[in-house]
**Q** 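Submitted below is the structure of interest, expressed as structure tokens.
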Amino acid sequence: MLRVSLKRVLGLGQELPLPQARQVPALARLYHERVVDHYNNPRNVGSFDKNDPAVGTGLVGAPACGDVMKLQIKVDDDSGKIVDACFKTFGCGSAIASSSVATEWVKGKQMEEVVSIKNTEIAKHLSLPPVKLHCSMLAEDAIKAAVKDYHAKRAKAGASSGAEIPPAENVADA
């Protein structure tokens with residue numbers, strides 16, 4: 001009896017409607033299914049040996065949000081094609097998805113093809129909202145940084161051996 005009286009006094013056990021001003025509809029922020037797919041099942045996660053002369057490493061970050069992306073490419077020196085790619089990303093779902101898409105898109109392509117991949121293409125593919133466009137920009141920057149790193153390694157190897165090594169993209173044309 002005391003328990004029932006206490007519940008009545010304290011208002012426990014009764015569902016009272018909230019005033020209209022306090023009822024807020026739950027607005028869920030939804031990602032596009034491609035973002036969710038690449039976040040839940042990221043492709044090509046991992047890393048290569050950064051000292052391998054056939055590997056180019058791009059490490060980029062966005063100070064505003066704290067996202068950090070490492071994208072690596074492995075290049076066939078004879079053909080100049082990217083034979084494999086991998087990434088490690090510390091960031092939001094959109095950053096992880098952008099990295100995953102970027103590694104998928106660079107595989108099997110020539111070096112000059114991959115530097116033409118634009119962040120807008122990645123953003124459009126993933127249907128990223130404007131507030132997440134920086135994630136696709138990171139992916140574009142990471143691709144370019146990886147290609148630049150690969151070329152720098154080749155130039156350094158050529159300079160140390162005394163022989164001139166032609167750029168990989170020109171080898172396929174020769």
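Side chains are part of it too, since the values below use all heavy atoms of this structure and drop only hydrogens, waters and symmetry mates.
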**Q** Tell me, with the steps shown, if Ile96 and His38 meet side-chain contact (heavy atoms from CB on, under 4.5 Å).
**A** CA-CA 7 Å; Ile96 293 168; His38 279 275; over 6 Å; no

**Q** Can you tell me how far apart CG (Asp52) and CD (Gln72) are? Round to the nearest 0.5 Å.
**A**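 It comes to 9.5 Å.
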
**Q** Which heavy atom of Ala145 sits nearest to which heavy atom of Val60, and what is that distance?
**A**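 Reported closest heavy-atom pair: CB-CG1, 4.4 Å.
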
**Q** Would you call Arg43 and Asp37 a salt bridge, taking side-chain N to carboxylate O under 4.0 Å as the test?
**A**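 Salt bridge between Arg43 and Asp37, a charged N being under 4.0 Å from a carboxylate O: yes.
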
**Q** Among Ser47, Ser99, Ser98, whose side-chain contact (heavy atoms from CB on, under 4.5 Å) with Phe87 holds?
**A**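 It is Ser99; the other options fail the test.
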
**Q** Take atom CZ in Phe48; do more than 12 heavy atoms of anything else shown fall under 6.0 Å from it?
**A**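 Enclosed.
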
**Q** Closest approach of Lys132 and Tyr31, non-hydrogen atoms and distance?
**A**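 Closest pair (atom of Lys132, atom of Tyr31, distance): CE-OH, 3.9 Å.
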
**Q** Salt-bridge test for Arg154 and Asp77: reply yes if a basic N is under 4.0 Å from a carboxylate O, no otherwise.
**A**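 Yes, this pair counts.
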
**Q** Using the rule that two of Ile, Leu, Val, Met, Phe, Trp, Tyr join whenever any of their side-chain heavy atoms come within less than 4.5 Å, decide whether Leu128 and Leu138 are in one cluster.
**A**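 The answer is no; the residues belong to distinct hydrophobic clusters.
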
**Q** How long is the straight-line distance from NZ of Lys153 back to CG of Asn51, given to the nearest 0.5 Å?
**A**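 Going from the CG atom of Asn51 to the NZ atom of Lys153 covers 6.5 Å.
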
**Q** Surrounding NZ of Lys118 (heavy atoms of other residues, nucleotides or ligands, distance under 6.0 Å), is the total greater than 12?
**A**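 Yes, NZ of Lys118 has more than 12 neighbouring heavy atoms, counting only those of other groups under 6.0 Å.
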
**Q** Tell me whether Val36 shares a hydrophobic cluster with Ile122, the cluster being built from Ile, Leu, Val, Met, Phe, Trp, Tyr side chains joined at under 4.5 Å.
**A**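 Val36 and Ile122: one cluster.
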
**Q** Roughly how far, to the nearest 0.5 Å, is the CD atom of Glu33 from the OG atom of Ser127?
**A**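 Ser127 OG to Glu33 CD: 8.5 Å, rounded to 0.5 Å.
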
**Q** Find out whether Lys107 and Asp84 are in side-chain contact, i.e. whether some heavy atom of one side chain is under 4.5 Å from a heavy atom of the other.
**A**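 When only atoms from C-beta onward are counted, Asp84 and Lys107 do touch, with a gap below 4.5 Å.
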
**Q** Kindly indicate, with the supporting measurements, whether the criterion side-chain contact (heavy atoms from CB on, under 4.5 Å) is fulfilled by Cys135 and Cys92.
**A** CA-CA 9 Å; Cys135 299; Cys92 65; 3.6 Å; yes

**Q** Identify the heavy atoms of Asp149 and Thr57 that sit nearest to each other, and give their distance.
**A**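 So the two residues come closest at OD2-N, 2.8 Å.
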
**Q** Search all heavy atoms of Asp76 against all heavy atoms of Ser79 and return the closest pair with its distance.
**A**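 Where Asp76 meets Ser79 most closely, the heavy atoms are OD2-OG, 2.9 Å.
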
**Q** Are Met111 and Val83 connected into the same hydrophobic cluster when the rule is that any two of I, L, V, M, F, W, Y join if their side-chain heavy atoms are below 4.5 Å apart?
**A**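 No, Val83 does not connect to Met111 through the hydrophobic network.
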
**Q** Which heavy atom of Gly46 sits nearest to which heavy atom of Lys88, and what is that distance?
**A**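 Here Gly46 and Lys88 meet closest at O-CG, 3.5 Å.
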
**Q** What pair of heavy atoms forms the shortest contact from Leu133 to Asn119, and how long is it?
**A**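 Scanning both residues completely, I find the closest heavy atoms to be O-ND2, 4.3 Å.
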
**Q** Decide yes or no on side-chain contact (heavy atoms from CB on, under 4.5 Å) for Asp49 and Val55, but give the supporting numbers first.
**A** CA-CA 7 Å; Asp49 178 11; Val55 171; 5.9 Å; no

**Q** To the nearest 0.5 Å, tell me how far Asn40 CG sits from Ser100 OG.
**A**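 With rounding to 0.5 Å, CG (Asn40) is 11.0 Å from OG (Ser100).
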
**Q** Is there a path of hydrophobic side-chain contacts, each under 4.5 Å between heavy atoms of I/L/V/M/F/W/Y residues, joining Met69 to Ile143?
**A**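 No; tracing contacts between hydrophobic side chains, which count when under 4.5 Å, never links both residues.
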
**Q** Are the side chain of Lys74 and the backbone of Cys86 linked by a donor-acceptor contact shorter than 3.5 Å?
**A**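 Side chain of Lys74 to backbone of Cys86, a donor-acceptor pair under 3.5 Å: no, none is there.
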
**Q** Applying side-chain contact (heavy atoms from CB on, under 4.5 Å) to Arg34 and Leu126, what does each step give before you reach the verdict?
**A** CA-CA 6 Å; Arg34 285 191 200 106; Leu126 292 172; 4.0 Å; yes

**Q** Is there side-chain contact between Leu71 and Thr103, with heavy atoms separated by less than 4.5 Å?
**A**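 A side-chain contact exists here, since the closest heavy-atom pair is under 4.5 Å.
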
